[in-house]
Chemist: 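Supplied in structure tokens, the structure appears directly below.
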Amino acid sequence: MDADVSDSPGTPAEPDHPDDPAGGDPAEASRDASGPASRDETSAGVPDASEAGAAGAGPGGSGGDGGPGTWEERPERGPDGRRHWLRWTALAASFLVLVAAGVGWWLYKKLDGNITTDTSAAAELKAYEKDRPLPIARDAQNILLIGSDTRSGDNSAYGRDDGGSQRSDTTILLHLAADRRSATAVSIPRDLMAEIPSCHTDEGKTTKQQFAQFNWAFELGGTACTIRTVEKMTGIRVDHHMVIDFNGFKDMVDAVDGVEVCLKKPVDDADAHLKLPAGRQELDGEEALGYVRARKSIGNGSDTERMDRQQKFLGALVNKMQSNGVLLNPTRLYPVLDAATKSLTTDPGLDSLRDLYDLVRGMRNVPTEKVQFLTVPRTEYRADPNRDELVQPDADRLFTQLREDEPVTVVPADRINSGDSQADHNSEKDPSGQKPGDTGGSPTPAPTYSGSNAADDPCGS
């Protein structure tokens with residue numbers, strides 16, 4: 001066997017560095033023999049004491065012997081520290097997103113649950129589908145708004161409760177143009193004489209077809225009977241309906257911090273719970289309700305004057321919501337939606353918050369001057385001066401414009417030579433002095449109706 005081959009296992013010693021008899025590192029032995037290392041040697045690659053401590057530090061920041069290091073001995077935060085900080089930031093952000101989503105979902109479900117769905121009206125209308133008019137203008141919408149005058153429950157403070165019978169205090173046909181650049185609200189007087197079809201009562205009884213005042217339809221057969229009466233009168237297909245009661249109206253006004261009106265004279269009306277000075281002022285919800293319901297203490301006491309006042313107030317409410325950015329501000333929009341949905345009953349097509357939001361979103365870009373209010377052309381009923389009847393052909397002309405989604409022009413009453421009737425409120429009078437039927441080579445002017453828009457100042461200034 002060769003002498004160079006070792007019989008014992010292990011790593012052979014390097015020939016130039018014989019084994020240290022004490023078992024130490026060869027470099028250590030070399031330094032012991034030659035004395036302390038110079039500063040240049042240290043900087044050339046041999047770590048100093050602080051570096052050695054850092055290199056030997058364990059997870060707890062200790063030195064190689066396991067003891068704790070000083071702050072000076074701890075290294076600056078490196079990439080691992082930054083990743084640790086970013087991880088916690090991401091976790092916190094995710095938590096906040098989850099909380100916000102949870103709160104948003106809770107608010108959504110709360111508002112969504114506020115809405116009452118009128119399934120009975122939908123079923124009644126479906127039974128008479130073959131008698132209903134067909135929609136003509138694609139994407140245009142016609143919504144019937146009904147103000148409920150029931151005196152039961154929370155509304156008992158506003159009058160005698162005669163068994164909770166439902167009444168229609170205000171009825172408005174709202175037409176939204178297909179391009180959503182205009183909205184026309186047409187009031188239908190509750191005392192207007194109309195053909196009321198045979199309807200079903202809540203008890204399942206069938207009423208007879210009759211010529212009676214319009215608001216009987218709601219009392220006899222509810223929302224479905226009112227819709228069928230409106231469709232029979234106008235030839236316009238009602239796509240959706242909303243019924244809102246007194247408290248919902250009050251809460252909506254309070255949610256926008258009041259609505260401004262202008263009174264020519266002071267008002268003191270115990271029946272309407274209303275006492276106000278003359279002049280420009282802002283009404284809260286309770287005052288606003290008394291203002292739109294008052295009949296004997298404001299104006300001439302007629303239902304015609306009261307409807308005009310209601311229209312101007314609704315215009316001021318729309319203006320307040322748009323000018324103050326309510327429709328674009330979720331924190332301000334929520335109280336309005338909460339107030340509205342609590343007292344809102346709709347058809348199944350509008351009974352969710354998403355449906356209502358889509359409706360509001362479609363209207364928020366309508367200019368206030370294009371949100372118009374008017375009343376159907378009517379005059380005193382010849383058989384009873386306390387009732388109204390339609391003025392023809394003016395009424396049919398208006399209904400045709402709405403049905404076919406044609407523009408409707410509305411101007412203040414003081415700009416039209418008017419009497420008690422709206423028969424003179426239309427295109428029969430041409431500003432040029434041209435007689436009806438004489439074209440003279442020029443197109444027939446568009447009909448003009450007496451009314452207001454949401455941009456009108458309540459004091460006319």
Side-chain angles (χ1 to χ4, degrees), residues 145-149 158-159 167-174 183-192 214-215 244-246 248-250 252-254 256 258-321 368 371-380 386 388 410-416 418-422 425 449-461:
L145 309 176
I146 302 173
S148 172
D149 195 18
Y158 304 104
R167 300 174 182 175
S168 172
D169 183 71
T170 301
T171 303
I172 296 175
L173 180 62
L174 175 64
T184 303
V186 181
S187 294
I188 302 175
R190 63 182 184 179
D191 294 333
L192 181 71
F214 173 72
N215 68 339
I244 186 168
D245 70 14
F246 290 161
F249 176 81
K250 284 195 314 178
M252 284 185 66
V253 174
D254 286 332
V256 297
V259 174
E260 190 177 73
V261 300
C262 193
L263 292 175
K264 295 180 180 179
K265 298 178 180 179
V267 177
D268 189 356
D269 189 332
D271 292 337
H273 303 269
L274 189 65
K275 187 173 184 178
L276 298 170
R280 186 188 296 268
Q281 56 204 289
E282 199 163 78
L283 305 185
D284 62 22
E286 189 72 34
E287 294 168 335
L289 181 59
Y291 177 77
V292 299
R293 291 185 61 245
R295 297 188 66 174
K296 301 176 182 178
S297 58
I298 304 178
N300 58 15
S302 67
D303 197 46
T304 297
E305 194 279 337
R306 187 176 72 105
M307 283 187 298
D308 180 63
R309 192 179 342 120
Q310 290 174 347
Q311 293 168 5
K312 290 180 178 178
F313 186 88
L314 290 175
L317 176 60
V318 170
N319 193 21
K320 180 74 176 285
M321 293 179 67
T368 52
V371 180
Q372 304 179 124
F373 300 87
L374 71 155
T375 303
V376 294
R378 83 283 181 211
T379 188
E380 288 183 357
N386 293 317
D388 289 333
V410 174
V411 297
D414 56 12
R415 290 174 51 187
I416 301 177
S418 62
D420 293 335
S421 166
Q422 282 199 345
H425 293 186
Y449 302 93
S450 171
S452 60
N453 65 63
D456 289 345
D457 186 275
C459 289
S461 60

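Everything numeric here is computed off the predicted structure, so don't read it as measured data. Computation of the quantities below employed the complete heavy-atom set of this structure, encompassing side-chain atoms and omitting hydrogens, waters and symmetry-equivalent molecules.
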Chemist: Restricting to non-hydrogen atoms, name the atom on Glu260 and the atom on Ala316 that form the minimum distance, rounded to 0.1 Å.
Modeler: O-CB, 3.8 Å
Chemist: Could you measure the distance from the CD1 atom of Ile146 to the CD1 atom of Ile244? Nearest 0.5 Å is fine.
Modeler: 12.0 Å
Chemist: Do Tyr449 and Val186 have side chains that approach each other closer than 4.5 Å (heavy atoms only, starting at C-beta)?
Modeler: no
Chemist: For a quick test of reading the model, state the closest non-hydrogen atom pair linking Cys262 to Pro458 and the distance between them.
Modeler: CB-O, 3.3 Å
Chemist: In Å, rounded to the nearest 0.5 Å, how long is the span from CG of Leu192 to OG1 of Thr375?
Modeler: 10.5 Å
Chemist: Take Gln311 and Ser187 through the side chain to side chain donor-acceptor pair (under 3.5 Å) test and state the conclusion after the steps.
Modeler: CA-CA 8 Å; Gln311 293 168 5; Ser187 294; 2.9 Å; yes
Chemist: Got a second to check how far Met252's CE is from Met321's CE, nearest 0.5 Å?
Modeler: 5.5 Å
Chemist: Test side chain to side chain contact (heavy atoms under 4.5 Å, CB included) on Asp388 and Phe214 and set out the steps.
Modeler: CA-CA 10 Å; Asp388 289 333; Phe214 173 72; over 6 Å; no
Chemist: Using a strict 4.0 Å threshold on nitrogen-to-oxygen distance, state whether Arg280 and Asp457 make a salt bridge.
Modeler: yes
Chemist: Please identify each residue that fulfils salt bridge (charged side-chain N to carboxylate O under 4.0 Å, His left out) with Asp308, with sequence neighbours left out.
Modeler: Lys312
Chemist: Taking C-beta and beyond as the side chain, do Val256 and Leu317 meet within less than 4.5 Å on heavy atoms?
Modeler: yes
Chemist: Is there a donor-acceptor pair closer than 3.5 Å between any side-chain N or O of Arg293 and the backbone N or O of Phe246?
Modeler: no
Chemist: If you measure from CD1 on Ile188 to CG on Asn215, what distance do you get to the nearest 0.5 Å?
Modeler: 11.5 Å
Chemist: Show your working on side chain to side chain contact (heavy atoms under 4.5 Å, CB included) between Val253 and Phe313 and close with a plain yes or no.
Modeler: CA-CA 10 Å; Val253 174; Phe313 186 88; 4.0 Å; yes
Chemist: So, for Pro189 and Val376, which heavy atoms are closest and what is the spacing to 0.1 Å?
Modeler: CD-CG2, 3.6 Å
Chemist: Please test Ile172 against Phe373 for side chain to side chain contact (heavy atoms under 4.5 Å, CB included), starting from the C-alpha separation and ending with a verdict.
Modeler: CA-CA 9 Å; Ile172 296 175; Phe373 300 87; 5.6 Å; no
Chemist: Could you state the interatomic distance from CG (Leu174) to CG (Leu314), rounded to the nearest 0.5 Å?
Modeler: 10.0 Å
Chemist: Residues two or more places apart in sequence or in another chain: which of them pass side-chain hydrogen bond (donor to acceptor under 3.5 Å, both in side chains) with Gln372?
Modeler: none
Chemist: With rounding to the nearest 0.5 angstrom, report the CG to CG distance, Asn453 to Leu374.
Modeler: 11.5 Å
Chemist: Check whether any side-chain heavy atom of Val292 sits under 4.5 Å from a side-chain heavy atom of Arg309, and report yes or no.
Modeler: no
Chemist: Would you say the side chain of Glu305 lies within less than 4.5 Å of the side chain of Ile298, judging by non-hydrogen atoms?
Modeler: yes
Chemist: So which atom in Ala454 and which in Gly315 form the shortest heavy-atom distance, rounded to 0.1 Å?
Modeler: CB-O, 3.4 Å
Chemist: Taking Glu286 for its side chain and Asp284 for its backbone only, find out whether a donor-acceptor pair lies under 3.5 Å.
Modeler: no
Chemist: Check whether any side-chain heavy atom of Lys275 sits under 4.5 Å from a side-chain heavy atom of Val267, and report yes or no.
Modeler: no
